[in-house]
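Reviewing the structure listed below.
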Amino acid sequence: MKKRLSIALFFLSFLSFHASAAPELIAKSTLDFGDFEETANVEIQGNIQEDVLRLAERGVEKEEADYFVIDQVSEDTKEDLLVVSVTLYREHTTDTQKSLEARLG
């Protein structure tokens, strides 16, 4: 019985440690210097008093992407809404990048 419980707890702890990183903000000009694929466009709405970057980060934290770019910020003062439009990207690493990263550790 103890062995089964230990195995079950081991697998549960393994699953709890599995975490994916949230996409990071990058400058749009950075897209010219890598191999990026656009994956989605997202519109995020929040309180007009909220910080734009915090709203954007919270809005993309569960998205499957490596990076995001803030495309547009607008306000709806009648509804007290802040609207942030972002584009999500995945980065494709080249063999040269992989070998350089391997050498750097």
Exercise. Please determine, by modelled atom types, if T87 and D71 share a side-chain donor-acceptor pair under 3.5 angstrom.
Key: yes
When rounded to the nearest 0.5 Å, the distance separating OH of Y89 from CD1 of I26 is 7.5 Å
When every non-hydrogen atom of I70 is compared with those of V52, the smallest separation belongs to CD1-CG1, 4.3 Å
In terms of heavy-atom contacts, P23 and A65 come closest through CG-O, 3.6 Å
One should read off an interatomic distance between S74 OG and E43 CD, to the nearest 0.5 angstrom, of 7.0 Å
query = Do D35 side-chain atoms and E91 backbone N/O form a donor-acceptor pair below 3.5 Å?
reply = no
Taken to the nearest 0.5 Å, the spacing of E50 CD from L82 CG works out to 7.5 Å
In plain terms, say whether R90 and E38 are close enough for a salt bridge, that is, a side-chain N and a carboxylate O under 4.0 Å apart.
no
With clusters defined by side-chain heavy atoms of hydrophobic residues (ILVMFWY) lying less than 4.5 Å apart, directly or transitively, does V84 cluster with V60? yes
In this structure, CD of E61 is separated from CZ of R58 (nearest 0.5 Å) by 8.0 Å
**Message:** Whether the side chain of T39 engages the backbone of L88 through a donor-acceptor N/O pair (distance < 3.5 Å, no angle test) should be reported.
**Reply:** yes
Do the non-hydrogen side-chain atoms of F68 and E63 ever get within less than 4.5 Å of each other?
no
d(Q49 CD, D80 CG) to nearest 0.5 Å is 7.5 Å
Assess whether side-chain contact (heavy atoms from CB on, under 4.5 Å) is satisfied between V86 and I44, documenting all intermediate values. CA-CA 8 Å; V86 301; I44 305 151; 4.0 Å; yes
Go through the steps for V83 and V73 under the test side-chain contact (heavy atoms from CB on, under 4.5 Å), then give the verdict.
CA-CA 6 Å; V83 181; V73 178; over 6 Å; no
Checklist line | Residue pair D66 / F36, side-chain heavy-atom distance below 4.5 Å | finding: no
Q: State yes or no: do L25 and L55 share one hydrophobic cluster built from I, L, V, M, F, W and Y residues joined by side-chain heavy-atom distances below 4.5 Å, directly or via other members?
A: yes
